[in-house]
2 protein chains.
Amino acid sequence: MTARPYHHGGLRAALVTQAEATLRTSGIDGLSLRELARELGVSHGAPQRHFRDKAALLDALAIEGFGRLNEMLARAADVDDGHAFAWTLTDVAVAYVRFATEDPALLDLMFTHKHQADASDELKAAANAGLACVVAMVERGQARGDLVDGDPQSIAMVLFATLQGITSFANADIVDPQSLDELTTYAVELLLGGLTPHPDQSPINSTFIPALCEKRPDPAQS
Amino acid sequence: MTARPYHHGGLRAALVTQAEATLRTSGIDGLSLRELARELGVSHGAPQRHFRDKAALLDALAIEGFGRLNEMLARAADVDDGHAFAWTLTDVAVAYVRFATEDPALLDLMFTHKHQADASDELKAAANAGLACVVAMVERGQARGDLVDGDPQSIAMVLFATLQGITSFANADIVDPQSLDELTTYAVELLLGGLTPHPDQSPINSTFIPALCEKRPDPAQS
DNA sequence: ACCTGAACACCGTTCAAGT
DNA sequence: ACCTGAACACCGTTCAAGT
């Protein structure tokens, strides 16, 4: 009975765990329901009782991934150790990029959206929960006076997007792992340069780039 | 003979074209060599003469995609119409995000790196060529005095990464297409705020975030 | 040189049947 | 309730054989 614990209710969890491992080591192409079943000593029809689809299993993996991501994000964003805000932000950024870079196939699953409309809502909610941590950080920064005013949601989105892009490049071998942390830190510096209000200047959109506030030809057909 | 032009040398091109169309409409999961062959009125063994692997065909598609991307990028980056640098940069950014958002499956193929070591070099070169356009733009901006000094490669990387991240979010339905251009423009604004030198201040890393320049505990274990 | 078509091993999915 | 195992339709890949 201890030898085959999957037969009395644990199969679903075992499938997810095993799938995660296979995904991490062999990528999405190395993941097949039949081999999963084989590895767990179960017939190839068994998984369907718990995941109607292969897509359903993949969705479960993505949701699991978001769970871990958000947990880590919340932990990283909650350290208010009295250090400069820039430090905290840099820490969160580096932590995120490392997480996302550790398991490229999982990250793909999380953000690639070849999901069924079914779990799509749950996934979108999970993604938004992650974003919410960053939004909260931004609001804290604004309250402190360390960040420009402006829609926290948008600011968080840009921050998060930059990290996501760096991750994407890292996973595509466009940046090498060696200089990954450095690039992440640099990105935060550049963004903070824009996000940090400066005593002698008004915020970006009124003084720094006045041109952008004037009416101008539609950039569409460029 | 005009009815089946694939049989005398045109098969390879026909496969790529057809595959691009299928990829755009049905995603990566809807793309099979056998159906491709069927649609082109050719036996299922025929494609192997031109692409030893399914992966090889996918690599060809990715390279094609980079070709179009880089062409567009070069065109967009070359308009030096005397407008403010911020405008040009915004135009390029919006153009890139639109391109990358038009064909999500292709973009995945381009940046997801489940490629064979074979074409990996060619793909990396293609990606770098795209980056080079942005680097050139950055250098132009620096020469004009519109951008802070600093390694153009790194600056371009951060710029490009931000757009890539926004694209990723858009393709994952985390941002809706409606506000996509707006978010892209806002991202450029935020980045430029950091990238634009201000008369009364020294560059970011010496004045704006002095804390980052001091020695401090390793952010690793956060 | 290029394509055909049978063959092989592997999928995902369904479903009656077992316990 | 949960799992089995045969069945079905579809893959990618290989390879002798054709033209």
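Note that these values count all heavy atoms, side chains included, but never hydrogens, waters or copies made by symmetry.
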Q: Between the base of dT13(D) and the side chain of Arg34(B), is there a donor and acceptor pair under 3.5 angstrom?
A: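 Side chain to base: pair present.
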
Q: Tell me: CD of Gln48(B) to C1' of dC11(D), nearest whole Å?
A: 12 Å

Q: Identify the nucleotide, in any strand shown, that forms a Watson-Crick or G-U wobble pair with dT14(C), with both distances under 3.5 Å; if there is none, say none.
A: dA6(D)

Q: So, Asp91(B) versus Thr88(B): side-chain donor-acceptor pair below 3.5 Å or not?
A: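 Thr88(B) and Asp91(B) do not have a side-chain donor-acceptor pair below 3.5 Å.
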
Q: Mind checking who dT19(C) pairs with, Watson-Crick or G-U wobble, both distances under 3.5 Å?
A: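 Checking every strand shown, dT19(C) finds its partner in dA1(D), with both distances under 3.5 Å.
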
Q: Please check if any side-chain donor atom of Asp176(B) sits under 3.5 Å from a side-chain acceptor atom of Ser179(B), or the reverse.
A: yes

Q: Rounded off to whole Å, could you give me the CG-to-P distance for the Asp29(B) and dT13(C) pair?
A: 11 Å

Q: Does any N or O donor sit under 3.5 Å from an N or O acceptor when you compare the side chain of His44(B) with the base of dA6(C)?
A: yes

Q: Under 4.0 Å: is that the gap between some side-chain N or O of Ser43(B) and OP1 or OP2 of dC3(C)?
A: no

Q: Round to the nearest Å and state the distance from Phe51(B) atom CZ to dT14(D) atom P.
A: 16 Å

Q: With the side chain counted from C-beta on, respond yes when Leu106(B) and Glu20(B) share a heavy-atom pair under 4.5 Å apart, and no when they do not.
A: no

Q: Rounding to a whole Å, what distance do you find between Leu58(B):CG and dC11(D):C1'?
A: 14 Å

Q: Closer to the 5' end of DNA chain C via nearest nucleotide, is it Arg49(B) or Leu33(A)?
A: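 Counting from the 5' end, the first nearest nucleotide belongs to Arg49(B).
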
Q: dT13(C) C1' sits how many Å from His50(A) NE2, rounded?
A: 17 Å

Q: Can you tell me the distance, in whole Å, between the NZ atom of Lys54(B) and the P atom of dC11(D)?
A: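 Atom NZ in Lys54(B) sits about 9 Å away from atom P in dC11(D).
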
Q: Is the phosphate of dC11(D) approached by Arg38(B) (side-chain N or O, under 4.0 Å from OP1 or OP2)?
A: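 For dC11(D), OP1/OP2 do have a side-chain N/O of Arg38(B) under 4.0 Å.
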
Q: What is the separation between atom CD1 on Ile28(A) and atom P on dG12(C), rounded to the nearest whole Å?
A: 11 Å

Q: Once you round it to whole Å, what is the distance between C1' of dG12(C) and CG of Leu57(A)?
A: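 To the nearest whole Å, that distance equals 12 Å.
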
Q: Does Asp181(B) pair with Arg98(B) as a salt bridge, N-O distance under 4.0 Å?
A: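 Judged by the 4.0 Å cut-off on N to carboxylate O distance, Asp181(B) and Arg98(B) do form a salt bridge.
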
Q: Where the side chain of Asn70(A) meets the backbone of Ala126(A), is there a donor-acceptor pair that is under 3.5 Å apart?
A: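 Confirmed, Asn70(A) side chain pairs with Ala126(A) backbone.
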
